[in-house]
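Written out below as structure tokens is the structure these notes cover.
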Amino acid sequence: MTLSIAHVTIDCENAGVLAEFWSRLLETPVDPDPSPEFATVGRTAGAAPVLMFTRVPDKNPGKNVIHLDLHASGRDEVARAIDLGAKHVGDFDEWGLKWTTLADPEGNLFDIAPE
């Protein structure tokens, strides 16, 4: 038996709104019937892993426990993320790697790095 990632779950204030942001950023559709309480991205498109958004009354304060690292073919994806509502946190060049850290509209951190 082997394990695989089924979902990456993101606690949020409005699941439907945040799913729409990630849908547009990843160019993968929001699955049917999103709501403020629950939404997924990628399930009907066959993506793996599927992003799952759930409304929670109290998010953990401070840095989120899990964040996504995304590969991009160029810096245009950073600009596109910002145009979609992400906030630029910082650019990093460490351990022989370069990446940009951003925050989604609810403050969840994610990184974009060149492939």
Side-chain angles (χ1 to χ4, degrees):
M1 176 181 242
T2 60
L3 296 174
S4 61
I5 296 172
H7 302 100
V8 174
T9 303
I10 300 170
D11 293 346
C12 58
E13 294 175 17
N14 188 318
V17 170
L18 202 53
E20 180 62 30
F21 168 82
W22 283 99
S23 168
R24 292 173 60 203
L25 182 64
L26 298 172
E27 298 178 341
T28 302
V30 174
D31 295 313
D33 303 319
S35 73
E37 288 75 33
F38 180 80
T40 58
V41 171
R43 184 176 37 82
T44 56
V50 170
L51 296 182
M52 185 166 58
F53 302 87
T54 59
R55 184 181 179 280
V56 296
D58 295 316
K59 289 175 55 174
N60 291 336
K63 189 176 187 295
N64 46 297
V65 178
I66 294 175
H67 71 266
L68 300 178
D69 290 333
L70 309 175
H71 284 135
S73 57
R75 296 274 311 160
D76 291 345
E77 293 301 322
V78 170
R80 192 168 74 83
I82 292 168
D83 288 344
L84 291 172
K87 297 200 178 347
H88 181 263
V89 174
D91 295 305
F92 300 91
D93 185 354
E94 299 175 7
W95 312 297
L97 303 169
K98 293 181 182 183
W99 71 93
T100 298
T101 297
L102 301 131
D104 72 16
E106 289 194 6
N108 300 302
L109 300 179
F110 65 100
D111 298 328
I112 297 179
E115 288 183 295

What are the two closest non-hydrogen atoms of Pro34 and Ala39, and how far apart are they? CB-CB, 3.8 Å
Scan Asp31, Asp33, Thr9, Thr54 and name whichever one has a side-chain hydrogen bond (donor to acceptor under 3.5 Å, both in side chains) with Thr40. Asp31
Could you go step by step and tell me if Leu26 and Leu70 meet the side-chain contact (heavy atoms from CB on, under 4.5 Å) rule? CA-CA 9 Å; Leu26 298 172; Leu70 309 175; 4.2 Å; yes
Check Val41 against Ala19 and note the closest heavy-atom contact, atom names and distance. CG2-O, 3.5 Å
Between Pro36 and Arg55, what is the shortest heavy-atom contact and its length? O-CB, 3.5 Å
Would you say Ile112 and Phe21 are hydrophobically clustered, going by side-chain heavy atoms of ILVMFWY under 4.5 Å? yes
Of all the heavy-atom pairs spanning Lys98 and Pro114, show the shortest one and how long it is. O-CD, 3.3 Å
Just verifying a value: how many Å separate Asp93 CG and Trp99 CH2, rounded to the nearest 0.5 Å? 8.0 Å
Would Asp91 and Val78 satisfy side-chain contact (heavy atoms from CB on, under 4.5 Å), going step by step from the backbone distance to the final call? CA-CA 11 Å; Asp91 295 305; Val78 170; 5.7 Å; no
With a 3.5 Å distance limit and no angle check, can you tell me whether Glu106 reaches the backbone of Glu13 through a side-chain donor-acceptor pair? yes
Hey, what's the ring geometry for Phe110 with Trp22, parallel, tilted or perpendicular (30° and 60° as the breaks)? perpendicular
As an exercise, state the distance from CG of Asn14 to OG of Ser35, rounded to the nearest 0.5 Å. 8.5 Å
Nearest 0.5 Å please: distance from the CG atom of Leu102 over to the CD1 atom of Ile82. 5.5 Å
With clusters defined by side-chain heavy atoms of hydrophobic residues (ILVMFWY) lying less than 4.5 Å apart, directly or transitively, does Leu84 cluster with Ile10? yes
Show, in sequence, the C-alpha distance, side-chain angles and deciding distance for Leu68 and Leu51, and conclude whether the side-chain contact (heavy atoms from CB on, under 4.5 Å) test is met. CA-CA 10 Å; Leu68 300 178; Leu51 296 182; 4.0 Å; yes
Between the CE atom in Met52 and the CZ atom in Arg43, the distance rounded to the nearest 0.5 Å is 10.5 Å
Are Leu25 and Val30 in one and the same hydrophobic cluster, where Ile, Leu, Val, Met, Phe, Trp and Tyr link if side-chain heavy atoms are under 4.5 Å apart? yes
Quick check: closest heavy atoms across Thr28 and Gly42, and the distance to 0.1 Å? CG2-CA, 3.6 Å
Where do His88 and Thr100 come nearest, in terms of heavy atoms and distance? CD2-CG2, 3.6 Å
